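Side-chain atoms are counted along with the backbone in the values below, which use heavy atoms only and exclude waters and symmetry mates. Quantities reported herein were computed from a predicted structural model and do not represent experimental measurements.
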Amino acid sequence: DKLFYYNNSIFYFVGAVGLFLLFRNVSVNGSNKILVQAVLVPASTTFGIYLLHDNPLLRDLFWTNLNLVLPHSQSIVVNMAECLLTIIIIFVVGMVVDLVRQYLFRIIRVDTISTTAEKLLNKISNNILR
């Protein structure tokens with residue numbers, strides 16, 4: 001019965017390959033900037049959402065609170081609606097958290113700090129290897 005929702009299930013693999021094939025030739029260089037941003041902004045947060053909701057410290061907190069808010073029902077339709085609502089809640093909360101993270105990283109210029117640190121470490125490693 002757990003065949004459908006294991007992370008290494010054949011259904012996950014087929015779904016991932018199918019999505020990749022579906023979108024591999026899509027060009028986002030269109031004139032509709034709003035549509036492009038509507039895709040790119042959530043896309044830029046998806047890895048952060050994954051890391052956030054799968055973090056062992058936060059996983060139990062998410063699921064415990066969501067199970068209190070969305071109790072299970074005997075109706076499969078209600079359970080499917082709750083499942084969809086759970087996915088949407090996790091995605092939206094995670095997206096907001098990651099957008100705040102992106103904003104803070106821009107303010108403190110993490111890209112400049114990491115580039116400077118990389119140059120310094122390269123200098124050090126080049127001096128050591130000489």
Side-chain angles (χ1 to χ4, degrees):
D1 72 21
K2 296 180 181 181
L3 174 69
F4 295 105
Y5 58 88
Y6 276 139
N7 285 343
N8 59 355
S9 164
I10 188 68
F11 298 106
Y12 275 68
F13 178 73
V14 169
V17 170
L19 284 171
F20 175 76
L21 292 174
L22 183 67
F23 290 102
R24 71 178 170 179
N25 293 325
V26 172
S27 173
V28 292
N29 297 331
S31 60
N32 192 343
K33 301 285 185 193
I34 295 172
L35 182 60
V36 169
Q37 288 303 313
V39 170
L40 293 181
V41 169
S44 73
T45 65
T46 54
F47 186 61
I49 294 168
Y50 165 72
L51 292 176
L52 184 69
H53 97 281
D54 200 39
N55 183 301
L57 299 173
L58 298 176
R59 186 183 311 132
D60 290 336
L61 179 71
F62 273 138
W63 293 112
T64 302
N65 288 328
L66 282 172
N67 284 335
L68 291 174
V69 173
L70 302 170
H72 295 298
S73 170
Q74 296 298 323
S75 167
I76 191 160
V77 174
V78 173
N79 283 335
M80 293 300 287
E82 288 175 352
C83 182
L84 183 62
L85 186 60
T86 300
I87 292 167
I88 292 169
I89 289 170
I90 289 173
F91 192 87
V92 169
V93 169
M95 188 170 78
V96 168
V97 169
D98 198 66
L99 287 171
V100 169
R101 179 202 59 83
Q102 289 177 20
Y103 176 74
L104 292 174
F105 275 32
R106 275 194 301 276
I107 287 175
I108 61 174
R109 301 181 55 99
V110 169
D111 57 337
T112 306
I113 295 168
S114 66
T115 302
T116 305
E118 181 182 6
K119 287 177 184 176
L120 179 64
L121 289 174
N122 282 337
K123 249 187 210 182
I124 292 170
S125 66
N126 287 338
N127 288 335
I128 291 173
L129 294 175
R130 285 186 187 172

Colleague: Please answer: with hydrophobic residues joined when any side-chain heavy atoms are less than 4.5 Å apart, are Leu21 and Val14 in the same cluster?
Modeller: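 Yes; tracing contacts between hydrophobic side chains, which count when under 4.5 Å, links both residues.
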Colleague: Counting heavy atoms not belonging to Arg109, are there more than 12 under 6.0 Å from its CZ?
Modeller: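 Count not over threshold, so no.
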Colleague: Hey, are the side chains of Leu85 and Ile89 touching, using non-hydrogen atoms and a 4.5 Å cut-off?
Modeller: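 In contact.
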Colleague: Say whether Leu52 and Tyr103 are linked into one hydrophobic cluster, either directly or through other cluster members, by side-chain heavy-atom distances under 4.5 angstrom.
Modeller: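 In one cluster with Leu52: Tyr103, no.
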Colleague: Using a side-chain heavy atom cutoff under 4.5 Å and only I, L, V, M, F, W and Y, what cluster partners does Ile124 have?
Modeller: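 Besides Ile124, the cluster holds Leu120, Ile128.
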Colleague: Tracing side-chain links under 4.5 Å among I, L, V, M, F, W and Y, which residues wind up in one group with Phe91?
Modeller: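 Val41, Ile49, Met95, Leu99, which link up through side-chain heavy atoms under 4.5 Å apart, make up the rest of the cluster.
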Colleague: Taking side-chain hydrogen bond (donor to acceptor under 3.5 Å, both in side chains) as the definition, give me every residue that meets it alongside Ser75, ordered by chain and number, with sequence neighbours left out.
Modeller: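 Testing Ser75 for side-chain hydrogen bond (donor to acceptor under 3.5 Å, both in side chains), a comparison that skips the adjacent residues, returns none.
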Colleague: Excluding sequence neighbours, so at least two apart, what forms side-chain contact (heavy atoms from CB on, under 4.5 Å) with Phe47?
Modeller: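 Counting only residues at least two positions away or on another chain, Phe47 forms a side-chain contact (heavy atoms from CB on, under 4.5 Å) with Tyr50, Leu51.
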Colleague: Yes or no on side chain to side chain contact (heavy atoms under 4.5 Å, CB included) for Thr115 and Lys119, after CA distance, side-chain angles and deciding distance?
Modeller: CA-CA 6 Å; Thr115 302; Lys119 287 177 184 176; 3.9 Å; yes
Colleague: For Gln102, give me all partners under side-chain hydrogen bond (donor to acceptor under 3.5 Å, both in side chains), at least two apart in sequence or on another chain.
Modeller: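 With sequence neighbours excluded, Gln102 shows a side-chain hydrogen bond (donor to acceptor under 3.5 Å, both in side chains) to Ser44, Asp98, given in chain and number order.
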Colleague: Nearest 0.5 Å, what's the CZ-CZ distance between Arg106 and Arg101?
Modeller: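 Here the interatomic distance stands at 9.5 Å.
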Colleague: Does any pair with a residue in residues 35-50 pass salt bridge (Lys or Arg N to Asp or Glu O under 4.0 Å), and if so which ones, sequence neighbours excluded?
Modeller: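 Counting only pairs at least two positions apart or across chains, no salt bridge (Lys or Arg N to Asp or Glu O under 4.0 Å) contact touches residues 35-50.
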Colleague: As a quick check of understanding, evaluate side chain to side chain contact (heavy atoms under 4.5 Å, CB included) for Met80 and Ile76, giving each step before the final call.
Modeller: CA-CA 6 Å; Met80 293 300 287; Ile76 191 160; 4.2 Å; yes
Colleague: Measure the NE2-CD1 distance between His53 and Ile87 for me, rounded to the nearest 0.5 Å.
Modeller: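 Interatomic distance, His53 NE2 to Ile87 CD1, rounded to 0.5 Å: 9.5 Å.
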